[in-house]
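Each chain gets a letter, A, B and so on, in the order the sequences are listed, and its residues count up from 1. Computed from heavy atoms alone, side chains included, the values below leave out hydrogens, waters and symmetry copies.
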Protein chains: 2
Amino acid sequence: MSTNGDRSRGTTIFDVARLAGVSHQTVSRVLNDLPNVRPATRERVEQAIRQLRYVPSQAARALVTRRSRTIGLVATGLPDYGPASYVLTVNESARDAGYAVITTTLADAAGPSLRSAAELLIRQNVEAIVLIAAERVALDAFDGWELGVPLVVVSGEPRGRAVRVGLDQYRAARAAVSHLLELGHTDIRHVAGPVGSIDGEERLRGWRDRLQESGLTPTEALRGDWTPASGYELGAALAETGAEAVFVANDQMALGVLHALQTAGRRVPEDVSVIGFDDIPEAAHFSPPLTTVRQDFVAIGRDAMAAVLALLQDEEGTRLPAPREPPLIIRGSTRAV
Amino acid sequence: MSTNGDRSRGTTIFDVARLAGVSHQTVSRVLNDLPNVRPATRERVEQAIRQLRYVPSQAARALVTRRSRTIGLVATGLPDYGPASYVLTVNESARDAGYAVITTTLADAAGPSLRSAAELLIRQNVEAIVLIAAERVALDAFDGWELGVPLVVVSGEPRGRAVRVGLDQYRAARAAVSHLLELGHTDIRHVAGPVGSIDGEERLRGWRDRLQESGLTPTEALRGDWTPASGYELGAALAETGAEAVFVANDQMALGVLHALQTAGRRVPEDVSVIGFDDIPEAAHFSPPLTTVRQDFVAIGRDAMAAVLALLQDEEGTRLPAPREPPLIIRGSTRAV
DNA sequence: AGCTTCTGAGCAGATGTACAA
DNA sequence: GTTGTACATCTGCTCAGAAGC
């Protein structure tokens with residue numbers, strides 16, 4: 001209250017103790033909700049805390065408890081809807097569990113920047129790391145690297161040593177192709193994600209395998225980069241070669257494909273069926289509304305945090321959530337021949 | 001290396017010192033890049049650090065330096081494209097500046113949850129807080145609350161005491177309406193954001209003021225909630241009342257509006273002009289491609305972090321980045337009458 | 001004996017000083 | 001004079017163990 005303003009950076013547990021007329025230890029007990037404090041004393045301490053606007057130093061506490069109450073989140077793929085949903089959900093789940101989240105987002109998923117991001121987290125003494133891995137290189141960067149803390153990977157591929165949660169992309173892609181097959185299509189093309197994308201490759205594999213099982217010969221997949229713009233380019237190529245059904249690896253590219261197809265005078269779904277992947281909120285309002293495979297990002301994000309908590313508790317032998325089933329959302333962009 | 005596995009949680013600066021044959025003080029010098037260390041010694045120490053996989057304790061360092069090297073980010077509005085972009089950019093800028101970011105995301109922007117989110121950050125001893133404020137209640141929750149750390153607000157409204165960065169939503173909305181006016185439209189409707197949204201209200205105000213300045217009487221604005229679904233509903237109403245031009249407060253709702261208009265048999269832009277706001281990546285591939293106002297989320301996110309660093313350095317009297325100008329992106333959804 | 005409260009020893013580093021090579 | 005070292009002290013808090021009522 002001096003003219004100097006608040007020097008509040010300096011209120012310690014001892015100041016509170018003095019004001020409340022108790023020892024710092026008693027204040028600590030109140031702070032940590034420990035028993036054996038007389039209600040009247042507790043009240044006096046709480047009063048002092050409020051009056052002093054005292055905030056315990058997390059640093060000091062972490063130093064002695066060896067627990068930072070913080071987890072790290074490494075996310076690539078933002079600002080897209082899927083990754084953003086994961087970030088949101090992991091964050092909220094963590095907060096519910098009393099953990100703070102240090103997030104490091106990366107525009108490029110190259111190995112070196114990933115490792116340095118993870119090192120930053122380790123330096124901040126996070127208790128666990130959640131990796132949202134869109135690219136295979138991300139997985140590789142962590143492979144065989146002893147972090148010293150538990151690692152949970154959100155990824156569409158079951159491979160790898162780390163604990164993993166996520167949707168089984170392979171099965172989901174098969175379901176999408178099956179839908180097209182059931183509608184009577186036999187010439188089913190694929191607009192795939194970029195080379196190196198885990199989900200992209202798994203969806204491609206699912207498409208190819210499912211076709212071959214039906215005795216069909218898959219064409220060469222077209223490679224996009226997840227953006228509507230790339231979908232548009234590829235869609236133009238598709239229109240030229242007269243495709244009748246297309247499985248597009250994500251909804252954003254599907255939007256571009258629809259755009260290109262219509263620009264080329266091909267009607268969807270009358271002339272060509274299009275199915276997407278993700279079920280972003282926009283998908284229901286494309287022209288026509290997009291048939292797609294839904295990923296429940298919220299549920300998967302929760303799974304990730306649940307896995308973290310499990311690892312943090314019993315170290316080993318935790319039962320992990322099973323990969324999620326992918327619901328097919330049938331709208332207006334696919335039609336029986 | 002014992003059967004017990006790694007007890008690496010316990011490698012201290014002293015262990016490194018012992019292995020390198022120097023004092024812990026010298027190790028500290030190496031760690032902090034201080035002078036007066038012979039190159040050979042430095043090398044020996046670095047070697048020992050690598051060998052021991054030593055990671056300095058952030059907690060211990062923060063305790064004594066009183067600097068957590070961490071900033072807090074409070075974000076509402078995820079997983080939408082705009083907020084997600086901010087999160088991404090603020091994160092990267094912070095990392096470049098050597099700061100870790102503790103992010104708290106909130107699905108609902110209610111005052112109490114915002115305050116408790118901020119308190120969590122304060123308890124983690126962040127050095128500053130960045131608030132991505134979509135709703136007015138978010139701003140109110142922080143108003144007149146002495147946080148004890150600098151606060152930077154990303155918001156579309158210049159009001160308030162805190163340091164603010166962002167696009168001038170009011171002016172941007174006026175620009176959108178001006179475009180419609182120049183095309184010869186006189187009946188210009190508005191699909192607005194939800195009540196309480198800062199950006200929404202500012203865009204609404206810009207639309208209303210601009211019309212009145214041209215001697216036109218604004219109709220009642222329709223209220224959406226930013227989602228394509230709400231745009232669709234409102235678009236249906238618009239089609240019934242025979243609108244000829246619509247300024248939609250964001251691109252996602254504009255998508256829904258396009259969908260509804262076309263469902264009702266109204267052609268865009270032949271029968272009705274539609275202009276959106278944001279320029280999300282999808283906008284260029286709507287049917288028709290959407291005319292819209294671009295927000296440069298990346299630039300604004302950088303501004304936010306720049307403001308944080310400025311505040312952290314000279315406490316007071318910092319020159320702040322000027323509000324950004326909004327470029328108009330003219331595509332195929334608007335047309336002269 | 002039983003609550004309640006207090007005292008003192010770390011936790012892992014940073015910083016400053018005195019001092020040796 | 002330049003490097004480097006040893007020692008002491010400090011950060012704010014938790015946790016045993018001890019003491020008081």
Starting at [atom1] of [X] and ending at [atom2] of [N], how long is that distance when rounded to a whole Å?
X: B:D15; N: C:dC11; atom1: CG; atom2: C1'; answer: 14 Å
X: B:Q58; N: C:dG13; atom1: CD; atom2: P; answer: 11 Å
X: A:E43; N: C:dT5; atom1: CD; atom2: P; answer: 14 Å
X: B:R123; N: D:dC13; atom1: CZ; atom2: P; answer: 13 Å
X: B:L34; N: C:dT15; atom1: CG; atom2: P; answer: 8 Å
X: B:L31; N: C:dA12; atom1: CG; atom2: P; answer: 15 Å
X: A:N32; N: D:dG12; atom1: CG; atom2: P; answer: 17 Å
X: A:F14; N: C:dC6; atom1: CZ; atom2: P; answer: 12 Å

Candidate nucleotides [options], ranked by approach to the side chain of [X] - the nearest:
X: A:V22; options: D:dT5, C:dC6, D:dC13; result: C:dC6
X: A:S23; options: C:dT7, C:dG13, C:dC11; result: C:dT7
X: B:L63; options: D:dT5, C:dT5, D:dT11; result: D:dT11

Distance test, side-chain N/O of [X] to OP1/OP2 of [N], below 4.0 Å:
X: B:T41; N: D:dG4; result: yes
X: B:S28; N: C:dA14; result: yes
X: B:R66; N: D:dG12; result: yes
X: A:R61; N: D:dT14; result: yes
X: A:R29; N: C:dT4; result: no
X: B:N36; N: D:dT2; result: no
X: B:R67; N: C:dA14; result: no
X: A:Y54; N: D:dC13; result: yes

Output yes when a side-chain donor or acceptor of [X] lies under 3.5 Å from a complementary backbone atom of [Y], and no otherwise.
X: A:R302; Y: A:V90; result: no
X: B:R164; Y: B:S155; result: yes
X: A:D80; Y: A:P83; result: no
X: B:S68; Y: B:N125; result: yes

Quiz item: When rounded to the nearest 0.5 angstrom, what is the spacing between CZ in B:R53 and CG in A:L147?
Solution: 8.5 Å
Practice problem: Please figure out whether B:R42 or A:S57 has its closest DNA chain D nucleotide nearer the 5' end. | Solution: B:R42
Exercise. Specify the residue among A:I13 and B:P39 whose closest nucleotide of DNA chain D lies further upstream toward the 5′ end.
Key: B:P39
Practice problem: Have a look at A:P56 and say if it touches a base, only the backbone sugar-phosphate, or nothing, with a 4.0 Å heavy-atom cut-off. | Solution: sugar-phosphate
Quiz prompt | No-H, no-angle donor-acceptor pair, B:Q25 side chain to C:dG16 base, under 3.5 Å | solution = yes
Quiz item: How far apart are the C-alpha atoms of A:R69 and A:E127, what are their side-chain angles, what is the distance that settles it, and do they pass the salt bridge (charged side-chain N to carboxylate O under 4.0 Å, His left out) test?
Solution: CA-CA 7 Å; A:R69 291 246 144 238; A:E127 294 181 30; 5.5 Å; no
Exercise. Using heavy atoms to find the nearest nucleotide of DNA chain C for A:T26 and B:H24 separately, return the residue whose nucleotide is more 5′.
Key: A:T26
